[in-house]
Amino acid sequence: MAKAFRGASRLLRHEWTLAAVAGLAFAVLLTWPTLKQPWTTIPGDIGDPPLQAWQVAWAGHALATDPLNLWHSNTFFPNLYTFAYTDVVLGYAPAGLLGHGVAAAIFRYNILYVLAHALAFVGAYALVRQLGGIRTAAAVAGVAWAFAPWRLAHSGHLNILSIGGVALCLAMLARGHGWSLRDGHRPALHRPGWVVAGWLVAAWQVTLGLAIGLPLAYFLAGTVLVVLVAVGWARWRTGAWVLSRRVVLANLLGGAVFSGVCIWLGTAFLRVVELHPEARRDLSWTEMFSPPLRGYFVAPADSWLWGEHFAAARAQLSWPPEMALLPGVTLIVLAVAGLSYSTFRVRHRVLLGLGVLVSGALGLGSNLVGQGDPGYLTLSRLLPGWDALRTPGRLMVWTSLLLAILAAGAISEFGRNRPKLGWPKSVSAVALLLPLLLVTVEGVNRTPHPTVPTAPPALRAATEPILVLPSNGVAESDIMLWSTDGFPRVANGSVTFLPASQQQIRAVTTTFPDPGSIAFLRQVGIRSVVVLPDRLAGTPWDGLPTRPVDGLGITREEIAGAWVYRLG
């Protein structure tokens with residue numbers, strides 16, 4: 001018993017246990033009040049979050065009931081591959097197995113929202129520690145990256161907030177290859193198991209959305225090419241292989257799994273474009289969302305510390321949610337210091353600095369000199385799938401990560417030299433912890449947490465397949481979320497493009513109920529139409545409940561303020 005107690009005590013006091021607990025604590029604190037009313041409210045807005053809550057729920061439902069038809073969801077009836085109509089957080093499918101119904105979907109989303117921030121902290125912490133930073137520096141990097149001011153503009157985008165796997169896979173791959181910024185490559189520290197784990201985490205990260213996953217895939221592909229050249233050069237110079245056979249095999253195995261996942265996902269999205277040419281995005285989207293250079297020094301409105309201060313600057317941005325990209329004032333200052341004062345080698349600092357400049361330049365999109373060519377638009381023309389990444393500013397994921405590593409180098413050097421400074425221990429300790437306090441304050445949010453609309457009882461009473469009217473705007477995301485109660489097939493759905501079939505349904509049903517619209521809906525396969533009178537004002541369906549149904553061969557019933565039309 002005593003031995004077991006000591007083992008448990010060591011586990012609880014282990015660095016990685018403490019890092020995980022710290023990540024959870026920071027996440028709960030800096031996303032508050034997300035967990036205050038997690039069954040009824042949702043962070044950000046009631047646009048994308050309900051849609052992504054439905055995504056998690058559908059993925060879990062499909063995993064449990066019919067995995068082979070995962071891509072053919074219950075929305076956008078009667079179309080196929082509807083789950084791939086937009087970026088998906090498929091990697092959270094196991095969470096979708098827990099609980100049923102709308103309240104469970106909302107609660108599940110809020111938990112994942114908090115955990116995504118916690119994992120981002122842990123990932124950055126692990127990466128900095130592997131690269132040679134001290135614990136305090138790793139904590140600063142974790143908070144600065146996971147809770148950077150620019151990320152507050154994406155409170156409604158779980159796929160953009162789910163970045164922890166990026167840093168974590170890099171940390172695992174670096175550990176498996178025995179490499180760090182401080183000590184370089186140490187073959188004696190090769191760990192093939194960590195290599196495989198790194199590739200698996202990278203594969204999981206890709207399943208959380210191609211908006212973050214695709215740049216990671218190209219970064220890893222580029223890194224593999226650089227490593228191959230370096231290994232070949234070392235072989236030519238010394239006649240020896242610098243990577244063991246086990247490490248090579250681990251990379252082949254992990255890389256094969258990663259590539260397979262990328263191909264599987266890519267095939268589904270390509271199928272959508274094939275079926276719906278209107279889903280293809282031209283480069284005008286990229287040009288519209290390209291931020292100006294000053295955007296890197298503007299904070300979003302949801303920043304508690306900087307939001308009001310940058311209100312005038314935000315007003316000059318054409319699309320602030322994608323253009324207010326401040327990574328944090330403290331982070332910028334520390335990263336600049338890390339270029340000249342650091343525990344990392346000079347050549348590595350130079351490479352990190354170049355990485356910041358290159359990723360920052362690419363993040364300007366078409367606003368780079370030459371209108372992004374060469375630059376982001378060049379990548380859109382050359383790299384498969386890159387043209388779908390219409391928001392260049394999201395490369396701040398990489399820019400801010402590189403800034404965090406540079407900052408960690410400076411803090412680590414200061415921490416290791418503290419005994420030589422001759423300062424009182426209390427003073428040097430405060431100086432070491434001050435950056436952590438500052439980045440924490442910069443991460444405080446004032447994100448709105450609206451209450452999610454309650455599902456109408458009429459939806460449960462209707463016979464599927466169902467069409468809900470009005471069919472437009474934010475209501476579509478609500479309907480997708482409501483459909484998590486049993487997952488009835490619905491013709492509704494919300495994505496960034498308008499499928500031709502949905503457009504036709506909307507156009508035809510503006511005169512519903514009339515013989516033409518009823519015949520069309522029956523032909524499509526719709527058996528019930530649910531009308532929400534409180535949402536009809538100002539829409540093409542305004543006044544629908546007052547239209548007569550006599551002689552049309554359908555029935556109508558009012559249920560809790562909504563109308564159910566049964567087409568037979």
Judged by modelled atom types alone, do [X] and [Y] share a side-chain donor-acceptor pair under 3.5 Å?
X: Y125; Y: E15; answer: yes
X: E442; Y: T330; answer: yes
X: T343; Y: R416; answer: yes
X: N251; Y: H177; answer: yes
X: R281; Y: T496; answer: yes
X: N445; Y: W304; answer: no

Expected output: side-chain [X] to main-chain [Y] donor-acceptor under 3.5 Å:
X: N367; Y: S290; value: yes
X: Q371; Y: L377; value: no
X: S259; Y: A256; value: no
X: R151; Y: L161; value: yes
X: E413; Y: A408; value: no
X: E287; Y: S366; value: no
X: S477; Y: G47; value: yes
X: R345; Y: R349; value: no
X: S303; Y: P300; value: no
X: R135; Y: A19; value: no

List for me each residue that meets ring pair (Phe, Tyr, Trp, His ring centres under 6.0 Å) alongside [X], sequence neighbours excluded, and say none if there are none.
X: F414; result: W423
X: Y85; result: F76, H276, F497
X: F269; result: none
X: F147; result: H117

- Message: For a side chain to side chain contact (heavy atoms under 4.5 Å, CB included) check, start with the C-alpha distance between V206 and L210, then their side-chain angles and the critical distance, and finish with the verdict.
- Response: CA-CA 6 Å; V206 171; L210 293 183; 3.8 Å; yes

Distance (rounded to the nearest 0.5 Å) between [X] [atom1] and [Y] [atom2]:
X: R191; Y: S244; atom1: CZ; atom2: OG; answer: 10.5 Å
X: L395; Y: L389; atom1: CG; atom2: CG; answer: 8.0 Å
X: D387; Y: R280; atom1: CG; atom2: CZ; answer: 6.5 Å
X: L402; Y: M396; atom1: CG; atom2: CE; answer: 10.5 Å
X: I160; Y: Q52; atom1: CD1; atom2: CD; answer: 8.5 Å
X: S380; Y: R390; atom1: OG; atom2: CZ; answer: 12.5 Å

- L368 versus Y376: any side-chain heavy-atom pair under 4.5 Å? no

- Query: Any side-chain heavy-atom pair from H190 and L243 closer than 4.5 angstrom?
  - Reply: yes

Using side-chain contact (heavy atoms from CB on, under 4.5 Å) as the criterion, list what pairs up with [X], not counting sequence neighbours.
X: L270; value: none
X: L339; value: L406
X: L437; value: L434, V441
X: A311; value: R314

- Message: Just to verify, what does R237 make a side-chain hydrogen bond (donor to acceptor under 3.5 Å, both in side chains) with, not counting sequence neighbours?
- Response: none

- Query: Among all residues two or more places apart in sequence or in another chain, which pass the side-chain hydrogen bond (donor to acceptor under 3.5 Å, both in side chains) test with R394?
  - Reply: E322, T391

May I ask you to check whether over 12 heavy atoms, not counting those of [X], lie within 6.0 Å of atom [atom1]?
X: R186; atom1: CZ; answer: yes
X: W319; atom1: CH2; answer: no
X: W233; atom1: CH2; answer: no
X: W194; atom1: CH2; answer: no

Can the ring centroids of [X] and [Y] be said to lie less than 6.0 angstrom from one another?
X: F121; Y: W145; value: no
X: W398; Y: F219; value: yes
X: W71; Y: Y81; value: no

- Could you note down all residue pairs passing ring pair (Phe, Tyr, Trp, His ring centres under 6.0 Å) where residues 326-372 supplies at least one of them, sequence neighbours left out? W179-H348

- Message: Is the ring pair W150/H154 parallel, tilted or perpendicular, if the boundaries are 30 and 60 degrees?
- Response: perpendicular

- Query: Are F258 and L200 close enough, and set up right, to give a side chain to side chain contact (heavy atoms under 4.5 Å, CB included), and what steps lead you there?
  - Reply: CA-CA 7 Å; F258 177 79; L200 294 180; over 6 Å; no

- Working for salt bridge (charged side-chain N to carboxylate O under 4.0 Å, His left out), residues R446 and E308: CA-CA 11 Å; R446 56 176 187 177; E308 290 295 336; 3.1 Å; yes

List, one per line, each side-chain donor-acceptor pair under 3.5 Å for residues 351-360, sequence neighbours excluded.
from, atom 1, to, atom 2, distance (Å)
S359, OG, G355, O, 2.8
S359, OG, V356, O, 3.2
S359, OG, T399, OG1, 2.8

